[in-house]
> 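A single structure is presented below for examination.
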Amino acid sequence: MDCLFCKIVAGDIPAEKLYENEHVIAFRDINPQAPFHALVIPKKHISTLDDAASEDLEALGHLQLAAAQIARDQGFSSDGYRTVMNCRENGGQTVYHIHLHLLGGKAMGWPPYTDTLKQPL
Ligand code: AMP
Ligand code: ZN
């Protein structure tokens with residue numbers, strides 16, 4: 001399958017790996033949007049959150065728990081951080097293998113879409 005993140009799982013494309021277990025791997029984002037920015041992905045290919053099924057429940061849970069573990073390992077869990085999963089075009093998804101963004105090391109604004117809001121709610 002021609003999927004960038006499956007190639008990272010297979011080791012065919014290099015990545016700065018931060019965490020790995022049976023279900024997930026995590027690596028640094030190449031275009032960081034915060035002082036710390038990692039992606040946690042399931043080893044199994046799932047294109048979008050909308051394509052996840054009940055059999056993926058365990059892997060999806062591992063994404064969040066791995067992010068929390070990495071935040072502890074990196075020393076910013078008590079300051080806080082953000083996890084985000086974008087789904088399809090309106091969510092801003094560009095790589096169609098689901099991934100949980102882990103962003104930390106600075107205070108982040110809310111709501112997250114202020115800069116790009118093109119139409120009134
Ligand atoms: P999204 O827009 O939610 O689909 O996020 C895709 C993310 O993947 C972006 O933050 C990219 O910077 C990141 N990305 C793309 N290619 C790579 C790569 N080879 N290694 C690490 N991160 C990548
Ligand atoms: Zn994939």
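Counting starts at 1 for both ligands and their atoms, in listed order. Because only heavy atoms are used, hydrogens play no part in the values below, and waters and symmetry mates are left out as well, while side chains stay in.
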> What are the atoms of ligand 1, with element, lying closer than 4.0 Å to any heavy atom of Phe5?
8 (O)

> Under 4.0 Å from a heavy atom of Thr94: which atoms of ligand 1 are those, numbered in the order shown and with their elements?
1 (P), 2 (O), 4 (O), 5 (O), 6 (C)

> Please say whether His99 places an N or O atom under 3.5 Å from an N or O atom belonging to ligand 1.
yes

> Test of understanding: given a 4.0 Å heavy-atom threshold, classify the contact between Asn31 and ligand 1 as side chain, backbone, both, or neither.
both

> Rounded to the nearest 10 degrees, what's the angle SG of Cys6 makes with ND1 of His45 at the Zn ion (ligand 2)? Could you check?
110°

> Would Glu22 and Lys43 pass as an ion pair if we require N to O under 4.0 Å?
no

> Any side-chain heavy-atom pair from Trp110 and Arg82 closer than 4.5 angstrom?
yes

> Heavy atoms only: which of Ile30, Ile8, Ile13 lies closest to atom 21 (C) of ligand 1?
Ile30

> In the structure I gave you, are the side-chain heavy atoms of Tyr81 and Leu102 within less than 4.5 Å of one another anywhere?
yes

> Suppose we measure from atom 12 (O) of ligand 1 to each protein heavy atom; which comes out shortest, and what is that distance?
Asp29 OD1, 2.5 Å

> Could you check which N/O/S atom of His97 is closest to the Zn ion (ligand 2)?
ND1

> Is it the case that ligand 1 has an N or O less than 3.5 angstrom from some N or O of Gln93?
no

> With backbone taken as N, CA, C and O and side chain as the heavy atoms from C-beta onward, which portion of Tyr96 lies under 4.0 Å from ligand 1: side chain, backbone, both, or neither?
neither

> Check whether Leu63 and Phe27 end up in the same hydrophobic cluster, where Ile, Leu, Val, Met, Phe, Trp and Tyr are linked by side-chain heavy atoms less than 4.5 Å apart.
no

> Supply the atom-to-atom distance Gln64 CD to Gln69 CD, rounded to the nearest 0.5 angstrom.
14.0 Å

> Please list the nearest protein heavy atom to atom 8 (O) of ligand 1 with its residue and the distance rounded to 0.1 Å.
Leu39 CD1, 3.5 Å

> Check the orientation of His97 and Phe5. Use parallel for under 30°, tilted for 30 to 60°, and perpendicular for over 60°.
perpendicular

> For ligand 1, note which part of Gln33 has a heavy atom under 4.0 Å away: side chain, backbone, both or neither.
neither

> Ignoring angles and geometry beyond distance, decide whether Leu4 reaches within less than 3.5 Å of ligand 1 through its nitrogen or oxygen atoms.
no

> Identify every side-chain donor-acceptor pair in residues 8-16 under 3.5 Å, counting partners at least two apart or on other chains, and give the distances.
residue : atom : partner : partner atom : Å
Glu16   : OE1  : Arg28   : NE           : 3.4
Glu16   : OE2  : Arg28   : NE           : 3.0

> Is it the case that the ring center of His101 lies less than 6.0 angstrom away from the ring center of His99?
yes

> If I take atom CG from residue Leu103 and atom NE2 from residue His37, how far apart are they, to the nearest 0.5 angstrom?
4.5 Å

> Would you say Ala15 contacts ligand 1, with heavy atoms under 4.0 Å as the rule?
no

> If two hydrophobic side chains count as joined below 4.5 Å and joins carry through other members, does Leu39 share a cluster with Leu4?
yes

> Within ligand 1, which atoms have a heavy atom of Arg28 less than 4.0 Å away?
21 (C)

